Amino acid sequence: MAKAKKQKRQAKAKSRAARARKPARKSVAAAAKKPAAKKANGNGMPRPSSKPYGHAGKALDGVRILDFTHVQSGPTCTQLLAYMGADVIKIERPGVGDITRGQLRDVKGQDSLYFTMLNGNKRSITIDSKNPKGKEIIERLIKHCDVLVENFAPGALDRMGFTWEHIHKLNPRMIVASVKGFGPGPYEDCKVYENVAQCAGGSASTTGFRDGPPLVTGAQIGDSGTGLHLALGIVSALYQRNRTGRGQKVLCAMQDGVLNLARVKLRDQQRLKHGPLTEYSQYGEGIAFGDATPRAGNDSGGGQPGWILKCKGWETDPNAYIYFITQAPVWGPICDLIGRPEWKTDPDYATPPARLPRLKQIFGTIEEWTMTQTKFEVMEKCNAVDIPVGPILSTKEIAEEKSLRETGTVVEVDHPGRGAYLTVGNPIKLSDSPCEVKRSPLLGEHTDEVLKKELGYSAKEIAEIKASGAVTPPEKPAKAEAA
Ligand code: CAO
């Protein structure tokens with residue numbers, strides 16, 4: 001009897017320990033099965049945690065992501081989810097890995113910054129998805145995870161045998177999230193990179209100067225922008241799954257993502273029917289508008305005119321410039337600061353509509369003043385009287401900016417191969433979900449760990465898997481792109 005009781009106690013303790021090891025996993029599953037009703041305290045929510053803020057786990061604790069992404073758009077998405085606490089397991093091709101590991105290399109033989117800055121906080125497992133044993137492992141991972149994220153060329157996942165129907169049969173709760181270049185339509189089968197999306201999404205035709213060619217922007221709005229959109233889609237699908245108990249497909253087309261970010265240009269397209277776009281400097285210069293939103297140089301995209309102006313040192317420093325906004329409510333302080341107090345009452349300058357036809361001349365006069373100051377002096381003097389301005393910060397200045405280090409937006413992490421490197425931490429700050437930025441994984445660093453701990457393969461089975469070539473490079477490895 002005593003022995004039976006002891007065994008029962010031991011079994012209970014064991015299951016308690018197991019629960020403690022996987023607390024968040026249980027909470028995700030439980031949230032779907034019994035939506036908190038039993039624990040509710042009136043509004044369907046669990047009782048507020050009594051733990052201090054920042055000590056109640058991470059926002060996405062317990063969410064498992066099967067990360068089948070490469071290059072930039074997909075990895076941006078999964079890195080953000082990892083920053084939020086999700087367990088991200090990245091599948092990479094044995095011996096090769098994500099192509100960016102070898103692209104734009106700065107340290108010989110080491111993972112590039114392109115890769116390391118987009119794959120922090122993840123685990124890496126190598127699997128050949130075309131090897132039968134490899135397929136079997138991926139199927140087990142599909143059953144084990146909550147979300148599969150991929151950004152292969154259209155049809156590649158299906159060709160591997162992982163159609164939505166197959167995935168959904170294996171795990172009806174799985175969310176399958178994809179980045180593609182284009183949504184359904186004439187271009188849906190096309191491969192797409194960043195600048196293709198910028199061109200197709202309305203950004204390039206509206207960027208640059210009127211008398212020059214279309215321009216692409218430095219911000220990766222097609223890749224990283226779409227990854228960010230996809231992350232929101234995934235979190236929303238996870239939330240909906242709490243009610244429906246089932247997964248769904250999440251698709252973000254890069255063209256759509258860029259267009260969403262360029263929506264003010266579609267706004268202006270429609271305004272053209274009703275007359276010229278008076279806030280564009282083209283209007284003040286008397287140049288007629290065509291039938292599409294034109295390139296606007298450095299004009300502000302909003303209702304407050306702005307322009308980039310030279311500051312002291314511009315002759316030698318390519319970033320000695322400031323963005324200056326002539327916000328209407330602070331027109332008086334602007335006039336005082338630049339030594340033109342008479343403009344406050346002069347009918348040609350006193351009101352926003354009066355200023356519109358002469359913006360070029362106004363900014364020229366303001367520039368005469370900004371050129372006598374450094375960009376930081378302009379910043380200080382303008383902000384003292386509430387005039388919105390933006391110094392053009394170089395990447396060097398950003399990398400060295402103390403406040404960005406303090407907030408965790410720029411983080412230095414160590415790496416066993418390449419040494420310390422800078423990365424961008426989580427730009428989204430949650431007060432109860434602190435983010436600890438970790439280095440990117442080495443290729444296949446967690447293969448054994450995932451096979452054993454997550455999928456429960458025995459040592460013998462792992463040896464068989466290795467012998468099958470499913471997780472190890474072929475004898476003559478495919479070549480990654482040269483640095
Ligand atoms: N094991 C075995 N095969 C693997 C594998 C693995 N672990 N991982 C990938 N592969 C295979 C794929 O199955 C595919 O094979 P098939 O063509 O025979 O089906 C092959 O690798 C190449 O995949 P891909 O076509 O996606 O890669 P690519 O380099 O030719 O194209 C890109 C890259 C980005 C243009 C394309 O993936 C794409 O258009 N993606 C969608 C849009 C996108 O995300 N673009 C942004 C990229 S970031 O700038």
Side-chain angles (χ1 to χ4, degrees), residues 66-79 89-104 112 114-115 117-119 124-139 141-142 148-163 176-184 187-201 203 216-231 233 250-258 443-444 446-447 450 465 468-474 477-482:
L66 183 52
D67 180 3
F68 229 155
T69 69
H70 65 157
V71 204
Q72 186 180 163
S73 62
T76 300
C77 165
T78 51
Q79 180 169 262
I89 301 171
K90 182 173 172 105
I91 300 184
E92 295 182 82
R93 204 197 306 227
V96 181
D98 187 324
I99 194 167
T100 60
R101 283 190 188 264
Q103 280 181 329
L104 312 176
S112 69
Y114 196 2
F115 177 84
M117 291 178 72
L118 285 164
N119 291 284
S124 165
I125 176 171
T126 47
I127 309 177
D128 179 351
S129 64
K130 290 173 180 159
N131 173 301
K133 199 78 189 162
K135 280 187 199 298
E136 188 192 301
I137 301 166
I138 294 173
E139 289 191 348
L141 278 166
I142 287 171
L148 185 154
V149 192
E150 63 93 22
N151 67 311
F152 290 123
L157 196 66
D158 288 0
R159 286 194 292 278
M160 286 179 192
F162 297 110
T163 58
V176 179
S178 304
V179 170
K180 295 290 166 251
F182 293 93
Y187 305 122
E188 65 186 304
D189 291 329
C190 299
K191 286 186 177 181
V192 168
Y193 282 105
E194 170 70 44
N195 290 341
V196 178
Q198 286 196 25
C199 294
S203 176
V216 294
T217 72
Q220 303 286 283
I221 57 176
D223 280 341
S224 287
T226 309
L228 183 54
H229 282 92
L230 192 72
V250 180
L251 171 67
C252 280
M254 294 168 72
Q255 182 185 39
D256 301 6
V258 170
L443 179 60
H446 305 97
T447 301
V450 171
I465 287 169
S468 75
V471 298
T472 44
K479 242 182 150 193
E481 185 166 307

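Since the model is a prediction, treat every value here as computed from it, not as a measurement. Order of appearance sets the numbers: ligands from 1, and atoms from 1 within every ligand.
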Looking only at distance, does [X] have an N or O less than 3.5 Å from an N or O of ligand 1?
X: Lys180; value: no
X: Ile127; value: yes
X: Ala156; value: no
X: Gly181; value: no
X: Asp223; value: yes

What atoms of ligand 1 come within less than 4.0 Å of a heavy atom belonging to [X]?
X: His70; value: 26 (O), 27 (O), 33 (C), 37 (O)
X: Val179; value: 41 (C), 44 (O)
X: Asp128; value: 1 (N), 2 (C)
X: Val71; value: 47 (C), 48 (S), 49 (O)

For this session: Classify the ring geometry between Phe68 and Phe152 as parallel (under 30°), tilted (30 to 60°) or perpendicular (over 60°).
Result: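 If you compare the ring of Phe68 with that of Phe152, the planes turn out perpendicular.
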Exercise. What's the shortest heavy-atom distance between Leu104 and Ser112, and which atoms?
Worked result: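 Scanning both residues, the minimum pair turns out to be O-CB, 4.1 Å.
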Problem set entry | Heavy-atom pair of closest approach, residues Leu118 and Gln72 |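 Minimum heavy-atom contact is CD1-CG, 3.8 Å.
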For this session: Have a look at Gln72, Arg93, Arg159 and point out the one with the heavy atom closest to atom 17 (O) of ligand 1.
Result: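 Considering heavy atoms of Gln72, Arg93, Arg159, the nearest to atom 17 (O) of ligand 1 sits in Arg159.
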Exercise. Between the candidates Gly97, Ser129, Cys77, Pro94, which shows the shortest non-hydrogen contact distance to atom 1 (N) of ligand 1?
Worked result: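 Nearest heavy atom to atom 1 (N) of ligand 1 lies in Ser129.
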Among all the protein's non-hydrogen atoms, which is closest to [atom], and how far away is it?
atom: atom 40 (N) of ligand 1; result: Asn151 O, 2.9 Å
atom: atom 9 (C) of ligand 1; result: Phe152 CE2, 3.4 Å
atom: atom 39 (O) of ligand 1; result: Val192 N, 3.1 Å
atom: atom 13 (O) of ligand 1; result: Met160 CE, 3.2 Å
atom: atom 18 (O) of ligand 1; result: Lys130 NZ, 3.1 Å
atom: atom 25 (O) of ligand 1; result: Ala153 CB, 3.2 Å
atom: atom 33 (C) of ligand 1; result: Tyr193 OH, 3.5 Å
atom: atom 28 (P) of ligand 1; result: Lys191 NZ, 3.7 Å

Exercise. Could a heavy atom of Ser73 be found less than 4.0 Å from some atom of ligand 1?
Worked result: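 In this structure, Ser73 qualifies as a contact of ligand 1 - some heavy atom is under 4.0 Å.
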Exercise. Would you say Gln220 contacts ligand 1, with heavy atoms under 4.0 Å as the rule?
Worked result: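 Judged by the 4.0 Å heavy-atom criterion, Gln220 does not count as contacting ligand 1.
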Exercise. Got a salt bridge between Lys90 and Asp98, using NZ or NE/NH1/NH2 to carboxylate O under 4.0 Å?
Worked result: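 Yes, charged N to carboxylate O under 4.0 Å.
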Exercise. Does the side chain of Asp223 come under 3.5 Å of the side chain of Ser73 through a donor N or O and an acceptor N or O?
Worked result: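 No, no side-chain donor-acceptor contact under 3.5 Å.
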Donor-acceptor contact below 3.5 Å, side chain [X] vs main chain [Y]:
X: His446; Y: Ser124; answer: yes
X: Asn151; Y: Ser178; answer: no
X: Lys135; Y: Gly161; answer: no

For this session: Starting at CZ of Arg93, measure out to CD1 of Ile99 and round the result to the nearest 0.5 Å.
Result: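 Separation between the atoms: 9.0 Å.
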Exercise. So which of Glu188, Glu150, Gln255 actually passes side chain to side chain donor-acceptor pair (under 3.5 Å) with Lys180?
Worked result: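 Option passing the side chain to side chain donor-acceptor pair (under 3.5 Å) with Lys180: Glu150.
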Exercise. Any side-chain heavy atom of Val149 sitting closer than 4.5 Å to one from Cys77?
Worked result: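 Result yes, sub-4.5 Å side-chain heavy-atom pair found.
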